[in-house]
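A short worksheet on the structure shown next.
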Amino acid sequence: MLILSPAEPLRRVLAIGCHADDIEIGCGGTLLTLVEGNPELEVDWVVLASPGDRAEEARASAASFLSGAANVRVEVHEFRDGFLPYLGSEVKDVFEGLKGRVDPQIVFTHAGYDYHQDHRLACELTWNTFRRHLILEYEIPKVDGDLGRPNVFFPLSSTVVERKLDLLERNFPSQAGKHWFDRETFLGLMRLRGMEAVAADRYAEGFTARKAVLAS
């Protein structure tokens with residue numbers, strides 16, 4: 001388990017998402033804040049199932065969320081949405097490739113309790129691959145009603161919240177007609193987590209940390 005300390009400031013982050021907007025919804029505000037506060041930050045951004053036009057949305061969105069980072073590597077795969085568990089060996093190869101070239105201090109990935117089959121597989125393979133790393137599992141609001149009880153919170157400023165919402169609207173026009181994809185959904189969840197975190201600006205993103213090591 002890698003440990004962050006003043007002697008080792010945050011420099012390397014890996015964000016994993018199944019679909020073009022997952023990372024942005026789940027931890028977009030956190031990443032915006034980390035990039036702003038860490039000018040030397042290196043970010044690997046991996047999207048697993050975004051074929052066609054969705055791949056272009058994924059790349060454009062990653063560029064806008066990571067603007068200002070010292071080094072950005074965006075990797076977009078075109079696996080079939082909803083079929084990742086049935087393409088397991090091919091998806092596993094992607095993670096094996098990551099293991100050979102990426103050594104992040106923090107890994108952001110899907111929550112293991114998520115009902116979406118793609119999301120669950122991504123989480124499982126994240127834990128299989130990055131056994132000695134700090135893994136924070138983010139949440140995605142969906143019709144499944146599968147939101148959990150996060151135990152780690154990242155407070156967000158009002159400015160970051162507005163930027164996250166604006167970038168989601170701007171970068172994902174293909175999702176605009178979906179009943180769940182709107183500012184109220186995303187703002188409501190961030191407000192709820194902000195209330196739980198007693199955040200100064202009232203907003204936060206929530207994560208599940210199954211294992212963490214504390215050091216003085």
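Hydrogens, waters and symmetry mates are skipped; everything else that's a heavy atom, side chains included, is used.
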Does [X] reach the main-chain N or O of [Y] with its side chain, forming a donor-acceptor pair under 3.5 Å?
{"X": "Ser67", "Y": "Ser64", "answer": "no"}
{"X": "His110", "Y": "Cys18", "answer": "yes"}
{"X": "Gln117", "Y": "Phe83", "answer": "no"}
{"X": "Glu24", "Y": "Leu168", "answer": "no"}
{"X": "Asp22", "Y": "His19", "answer": "yes"}
{"X": "Glu205", "Y": "Gly29", "answer": "yes"}

same_hphob_cluster(Leu192, Leu165) at 4.5 Å side-chain heavy-atom cutoff =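 Not linked; separate clusters.
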query = Does Tyr138 belong to the same Ile/Leu/Val/Met/Phe/Trp/Tyr cluster as Val74, with side-chain heavy atoms less than 4.5 Å apart forming each link?
reply =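 Per the 4.5 Å side-chain linkage, Tyr138 and Val74 are co-clustered.
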Are [X] and [Y] close enough that some pair of their side-chain heavy atoms sits under 4.5 Å apart?
{"X": "Glu139", "Y": "Tyr113", "value": "yes"}
{"X": "Lys92", "Y": "Leu125", "value": "yes"}
{"X": "Val160", "Y": "Asp201", "value": "no"}
{"X": "Asp81", "Y": "Arg54", "value": "no"}
{"X": "Asp118", "Y": "Leu121", "value": "no"}
{"X": "Glu124", "Y": "Asn128", "value": "yes"}
{"X": "Glu137", "Y": "Phe207", "value": "no"}
{"X": "Pro141", "Y": "Trp180", "value": "no"}

ask   = If you count the non-hydrogen atoms of other residues, nucleotides and ligands that lie under 6.0 Å from CG in Asn71, is the total more than 12?
value =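 Yes - once you tally the heavy atoms of other residues, nucleotides and ligands closer than 6.0 Å, there are more than 12.
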request  = Could you tell me whether Arg101 atom CZ has more than 12 heavy atoms of other residues or ligands within 6.0 Å of it?
outcome  =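 For Arg101, atom CZ is crowded (more than 12 foreign heavy atoms under 6.0 Å).
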Hey, could you give me the [atom1]/[atom2] distance between [X] and [Y], rounded to the nearest 0.5 Å?
{"X": "Ile23", "Y": "Thr30", "atom1": "CD1", "atom2": "OG1", "result": "12.5 Å"}
{"X": "Arg12", "Y": "His133", "atom1": "CZ", "atom2": "NE2", "result": "7.5 Å"}
{"X": "Ile135", "Y": "Leu14", "atom1": "CD1", "atom2": "CG", "result": "9.5 Å"}
{"X": "Asp53", "Y": "Phe172", "atom1": "CG", "atom2": "CZ", "result": "13.0 Å"}
{"X": "Met195", "Y": "Arg202", "atom1": "CE", "atom2": "CZ", "result": "11.0 Å"}
{"X": "Thr126", "Y": "Ile16", "atom1": "OG1", "atom2": "CD1", "result": "3.5 Å"}

Nearest atoms (heavy-atom pairs only) where [X] meets [Y]:
{"X": "Val102", "Y": "Phe130", "answer": "O-CE2, 3.9 Å"}
{"X": "Ala212", "Y": "Leu134", "answer": "CB-CD1, 4.4 Å"}
{"X": "Pro173", "Y": "Glu57", "answer": "CD-OE2, 3.2 Å"}
{"X": "Ile25", "Y": "Lys164", "answer": "O-NZ, 2.8 Å"}
{"X": "Ala209", "Y": "Asn151", "answer": "N-OD1, 2.9 Å"}
{"X": "Ala199", "Y": "Pro155", "answer": "CB-CB, 3.9 Å"}

task = For the pair His77 and Phe79, name the ring-plane relationship: parallel under 30°, tilted 30 to 60°, perpendicular over 60°.
result =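 The rings of His77 and Phe79 lie parallel, inter-plane angle below 30°.
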message = Below 30° counts as parallel, above 60° as perpendicular, anything between as tilted: where do the rings of His116 and His119 land?
response =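 Because their plane-to-plane angle is under 30°, the rings of His116 and His119 count as parallel.
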inquiry  = Assess the residue pair Tyr203 and Leu187 against the criterion (side-chain contact (heavy atoms from CB on, under 4.5 Å)); give the C-alpha distance rounded to whole Å, side-chain angles, the decisive distance to 0.1 Å, and a yes or no.
reply    = CA-CA 8 Å; Tyr203 299 100; Leu187 186 65; 3.4 Å; yes
query = Could you walk me through whether Phe154 and Leu156 pass the side-chain contact (heavy atoms from CB on, under 4.5 Å) check?
reply = CA-CA 6 Å; Phe154 194 99; Leu156 305 174; 3.8 Å; yes
Check residues 40-50 and write down every donor-acceptor pair under 3.5 Å in which the side-chain atom is one partner and the other belongs to a residue at least two apart or another chain.
unit_1, atom_1, unit_2, atom_2, d
Glu40, OE1, Arg11, NE, 3.1
Asp44, OD1, Arg73, NE, 2.7
Asp44, OD2, Arg73, NE, 3.4
Asp44, OD2, Arg73, NH2, 2.7
Ser50, OG, Ala20, N, 3.0

message = Salt bridge check, Glu36 against Arg163: does any charged N sit closer than 4.0 Å to a carboxylate O?
response =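 Here Arg163 does not pair with Glu36 in a salt bridge, since their nearest N and O are not under 4.0 Å apart.
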key: Residues Arg183, Glu162; criterion salt bridge (Lys or Arg N to Asp or Glu O under 4.0 Å); working and verdict   = CA-CA 9 Å; Arg183 296 174 71 94; Glu162 284 303 311; 2.7 Å; yes
message = Does Asp114 form a side-chain contact (heavy atoms from CB on, under 4.5 Å) with Lys142? I'd like the steps, not just the answer.
response = CA-CA 9 Å; Asp114 196 308; Lys142 307 189 308 300; 2.7 Å; yes
